[in-house]
Amino acid sequence: MIVNADDFGRSPGINRGILEAHLHGIVTSTTLMVNTRWSESSAEILAGVPGLAVGLHLNFCYGQPVSEVNEVPSLLSSDGTLNPSIRELLRTADPNEIRTETTAQVRRFQRIMGRMPSHLDSHKYLHSNPPFRSIVAEVASSHALPVRATSGDDRAELAALRVATTGHFEGRFHGLDGEGVDQALLDRIILEMPCGTTELMCHPGYVDADLLDSSYRDDREHELLALCSSETRKRIDEAGIQLIDFSQLAVKWGDA
């Protein structure tokens, strides 16, 4: 099981929570936003935590684009920031501009981290929807990067390009998906874990002033408690689950 914490670089409180969930909990992997005002300082923090795998949290719907604004107009609101409306983006985003911004974010990750990301995923699941899915898959294939797959359609498109991914995706440990995030839910997810490789997505963090514009706040601290509890570690050990990250997945895919 890969336990990936999204949104590193979104705010200092999120960074602190993810680090705690790795150092004292079960988080093995995180994904970094590279278009926030904390991106560079976040990369410096991550350089001091070598045991935490770091992927790229592609962001097409929050904050400033990494590309020049005149290069990606179909991704932008009237104020020049990335359009937060998922519905509009899925309807109007130009595939060439998606490729431009995806490539720019990969390059920025490489610049501030000094290496390629362990894998790719995206804010608000955008890469799991056309036209984003095929573009992200192509960019990932060109760099031999694994990608988060949230559905069978994702896996089929990634498999066609021989892009590594997990066999299963677990997204229930997220308050926006309709269930309260607590120890009981995490216990149930662990007990129901299928054979093969699974990515458990999570969003631990501490609420701070820089997170007040987020639609997902208080449950981040609830997630953190469960991810760091001794009960969670005990259940994982009892189930015989091996905790890995996407870099290990890529090796296994290559060996296959």
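Index from 1, following the sequence. The structure presented is a predicted model; accordingly, all values stated were derived computationally and were not measured.
- When atom types are taken as modelled, the side chain of T30 and the backbone of A5 share a donor-acceptor pair closer than 3.5 angstrom.
- E199 places none of its side-chain heavy atoms less than 4.5 Å from the side chain of S29.
- No hydrogens or angles considered: a donor-acceptor pair under 3.5 Å links the side chains of T36 and S39.
- Side-chain atoms of T100 and S67 form no donor-acceptor pair, as typed in the model, at a separation below 3.5 Å.
- Annotation: R107, atom CZ; neighbour count of heavy atoms from other residues, nucleotides and ligands within 6.0 Å does not exceed 12.
- A single hydrophobic cluster is seen to contain both F173 and I241, as judged by linkage of ILVMFWY side chains at heavy-atom distances under 4.5 Å, directly or through other members.
- A 6.0 Å sphere centred on CD of E238 holds more than 12 heavy atoms belonging to other residues, nucleotides or ligands.
- Among the candidates D7, N59, N4, the single residue satisfying the side-chain hydrogen bond (donor to acceptor under 3.5 Å, both in side chains) test with T31 is N4.
- In this structure, the side chain of T165 engages the main chain of A149 through a donor-acceptor pair within 3.5 Å.
- Annotation: side chain of L145 is not in contact with side chain of H119 (no heavy-atom distance under 4.5 Å).
- Here CG of L126 is found 11.5 Å from CG of D121. Values are rounded to the nearest 0.5 Å.
- Using modelled atom types, one side-chain atom of Q248 and one backbone atom of D245 make a donor-acceptor pair closer than 3.5 Å.
- Within the 4.5 Å cutoff, the side chain of I26 has heavy atoms near those of the R233 side chain.
- More than 12 heavy-atom neighbours from other residues, nucleotides or ligands sit within 6.0 angstrom of CZ on R115.
- Side-chain N or O atoms of Q105 include none that pairs as donor or acceptor with a backbone N or O of N35 at under 3.5 Å.
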* To do: Decide yes or no on side chain to side chain donor-acceptor pair (under 3.5 Å) for S85 and N83, but give the supporting numbers first.
  => CA-CA 6 Å; S85 172; N83 191 343; 4.6 Å; no

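- To the nearest 0.5 Å, atom CZ of residue R172 and atom CG of residue L186 are 10.0 Å apart.
- Atoms CG and CZ, on L158 and R148 in that order, are 12.5 Å from each other to the nearest 0.5 Å.
- The closest donor-acceptor contact from the side chain of S11 to the backbone of L211 lies at 3.5 Å or more, if one exists at all.
- E157 has its side chain out of reach of P130: every pair of non-hydrogen atoms, C-beta onward, lies at least 4.5 Å apart.
- Side-chain heavy atoms closer than 4.5 Å link hydrophobic residues (I, L, V, M, F, W, Y) into clusters, and following such links, possibly through other members, connects V106 to V34.
- Using a cut-off of 4.0 Å between Lys/Arg side-chain N and Asp/Glu carboxylate O, R16 and E20 are scored as not salt-bridged.
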* To do: Given side chain to side chain contact (heavy atoms under 4.5 Å, CB included), test T28 with I244 step by step and report yes or no.
  => CA-CA 7 Å; T28 60; I244 63 171; over 6 Å; no

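- Between R220 and D6 there is no salt bridge, since no side-chain N of the basic residue sits under 4.0 Å from a carboxylate O of the acidic one.
- Taking both residues in full, the closest heavy atoms of E223 and P204 are given as OE1-N, 3.5 Å, listed atom of the first, atom of the second, then distance.
- No side-chain heavy atom of F60 sits under 4.5 Å from any side-chain heavy atom of H123.
- Looking only at distances, no side-chain donor or acceptor of S141 sits under 3.5 Å from a matching main-chain atom of A137.
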* Asked: When you look at E40 and R108, which way does the salt bridge (charged side-chain N to carboxylate O under 4.0 Å, His left out) test go after all the steps?
  -> CA-CA 10 Å; E40 294 200 14; R108 179 162 168 77; 3.7 Å; yes

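- Remark: L76 CG to E97 CD distance equals 8.0 Å, nearest 0.5 Å.
- Looking only at atom types and distance, the side chain of D153 has no donor-acceptor partner in the side chain of S151 under 3.5 Å away.
- The two residues G80 and V69 make their nearest non-hydrogen contact at O-CG1, 3.8 Å.
- Within the 3.5 Å criterion, the main-chain N or O of F132 finds no donor-acceptor partner in the side chain of H127.
- Donor-acceptor pairing under 3.5 Å is lacking for the side chains of D154 and Y125.
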* Evaluate side chain to side chain contact (heavy atoms under 4.5 Å, CB included) for V136 paired with S122, printing each intermediate quantity in order. => CA-CA 10 Å; V136 171; S122 67; over 6 Å; no

* **Verdict with supporting geometry, L89 and L75, side chain to side chain contact (heavy atoms under 4.5 Å, CB included)** => CA-CA 6 Å; L89 283 171; L75 305 182; 4.2 Å; yes

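- Put simply, CD on E71 and CD on E101 are 9.0 Å apart, with the number rounded to the nearest 0.5 Å.
- Judged by distance alone, the side chain of N15 and the main-chain N or O of F8 form no donor-acceptor pair under 3.5 Å.
- Under a hydrophobic-cluster definition in which Ile, Leu, Val, Met, Phe, Trp and Tyr are linked whenever side-chain heavy atoms come within less than 4.5 Å, directly or via other members, I112 and I14 are assigned to the same cluster.
- Taking all atoms of both residues into account, the shortest heavy-atom contact from G13 to D208 is N-OD2, 2.5 Å.
- Ionic pairing of R37 and D210 is present here: one or more N-O contacts between side-chain nitrogen and carboxylate oxygen are shorter than 4.0 angstrom.
- A distance-only check finds no donor-acceptor pair linking the side chain of T198 to the backbone of M1 [under 3.5 Å].
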* **side chain to side chain contact (heavy atoms under 4.5 Å, CB included) between V139 and T103, worked out** => CA-CA 7 Å; V139 172; T103 301; 4.2 Å; yes

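- Hydrophobic cluster membership differs between I45 and W38, with clusters built from Ile, Leu, Val, Met, Phe, Trp and Tyr side chains linked at under 4.5 angstrom.
- Taking every heavy atom of both residues into account, K124 and C61 meet most closely at CG-SG, 3.6 Å.
- To the nearest 0.5 Å, atoms NE2 (H222) and CG (L224) are separated by 10.5 Å.
- Here the side chain of S247 pairs no donor or acceptor atom with the backbone of S118 at under 3.5 angstrom.
- Hydrophobic clustering places V54 together with V27 (ILVMFWY residues linked when any side-chain heavy atoms are closer than 4.5 Å, directly or through intermediates).
- You'll find the side chain of L82 stays beyond 4.5 Å of the side chain of Y62, heavy atoms only.
- What you find for S214 and R10 is that their closest heavy atoms are CB-NH2, 3.5 Å.
- What you find for A226 and T232 is that their closest heavy atoms are O-OG1, 2.7 Å.
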